[in-house]
Amino acid sequence: MGGFCWWVVKTRALLKQMQTVELVRPKPLDFFSLFAPSSANHQNHRCLRRLSEMGDKKKKTFMFIRLVSAAGTGFFYVKRKSAKKVAEKLEFRKYDPRVNRHVLFTEQKMK
């Protein structure tokens, strides 16, 4: 085996170059800087308005209620009720396992 293969020589040359090159890390990008306008007179820029609107939370359209047994056992079900549509108190005839029968359950607010 007379000498090194050409790829061994090439690899050693590349490694030597890499050792002499100083590696510089790029600065981390800020997400909002990508959408920032280039000049100060573009304050009402369309992208910035969209980003400010993204933070607005949607109002709750439902609430959780507690359906308490009329048998007085203290057993209850939790149900979701539309906050906009249903104004009257809910009443259901459901199973109460503590008395082993179906009884009337009436709505109460969650504590």
Side-chain angles (χ1 to χ4, degrees):
M1 298 274 191
F4 291 111
C5 294
W6 64 271
W7 58 270
V8 173
V9 175
K10 191 81 165 172
T11 307
R12 284 188 177 178
L14 286 173
L15 285 173
K16 201 170 208 177
Q17 282 180 349
M18 286 175 61
Q19 289 172 356
T20 58
V21 174
E22 189 175 318
L23 297 176
V24 179
R25 284 193 178 169
K27 293 180 182 176
L29 287 176
D30 181 21
F31 176 75
F32 294 105
S33 68
L34 296 174
F35 298 101
S38 57
S39 61
N41 59 359
H42 288 109
Q43 289 182 354
N44 293 329
H45 197 263
R46 186 175 56 197
C47 292
L48 284 178
R49 269 189 268 133
R50 276 194 206 136
L51 285 174
S52 65
E53 291 167 4
M54 282 171 50
D56 297 339
K57 288 191 176 179
K58 192 172 126 179
K59 289 185 180 179
K60 285 188 178 179
T61 57
F62 63 87
M63 58 188 207
F64 288 103
I65 58 163
R66 176 183 258 187
L67 296 172
V68 181
S69 172
T73 58
F75 188 79
F76 63 92
Y77 289 98
V78 175
K79 199 157 180 74
R80 231 169 63 169
K81 176 183 172 182
S82 173
K84 294 180 180 178
K85 296 179 183 175
V86 183
E88 68 273 356
K89 288 205 170 197
L90 297 177
E91 290 183 342
F92 290 102
R93 194 162 178 268
K94 294 177 78 69
Y95 181 74
D96 189 346
R98 294 185 183 166
V99 291
N100 287 340
R101 55 180 42 200
H102 282 76
V103 294
L104 190 68
F105 280 80
T106 54
E107 174 187 337
Q108 283 186 353
K109 286 194 174 181
M110 295 288 281
K111 294 178 183 177

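No hydrogens, no waters, no symmetry mates; every other heavy atom, side chains included, goes into these values. Keep in mind that what you see is a predicted model, and the values were worked out from it rather than measured.
- Residue pairs meeting the side-chain hydrogen bond (donor to acceptor under 3.5 Å, both in side chains) criterion with at least one partner in residues 64-85, sequence neighbours excluded, are Ser69-Asp96, Thr73-Asp96, Lys81-Glu107.
- With hydrophobic clusters built from ILVMFWY side chains whose heavy atoms lie under 4.5 angstrom apart, Leu90 shares a cluster with Val103.
- For the side-chain contact (heavy atoms from CB on, under 4.5 Å) test, residues two or more places apart in sequence or in another chain that qualify with Arg93 are His102.
- Note that CD of Glu91 is 5.0 Å distant from CG of Leu104, once rounded to the nearest 0.5 Å.
- Contact between Phe92 and Leu67 at its shortest, heavy atoms only, is CD1-CD1, 3.5 Å.
- Between Val78 and Phe64 the shortest heavy-atom distance is CG1-CD2, 4.1 Å.
- Note that NZ of Lys94 and CZ of Phe75 are 9.0 Å apart. Values are rounded to the nearest 0.5 Å.
- With hydrophobic clusters built from ILVMFWY side chains whose heavy atoms lie under 4.5 angstrom apart, Val68 does not share a cluster with Met63.
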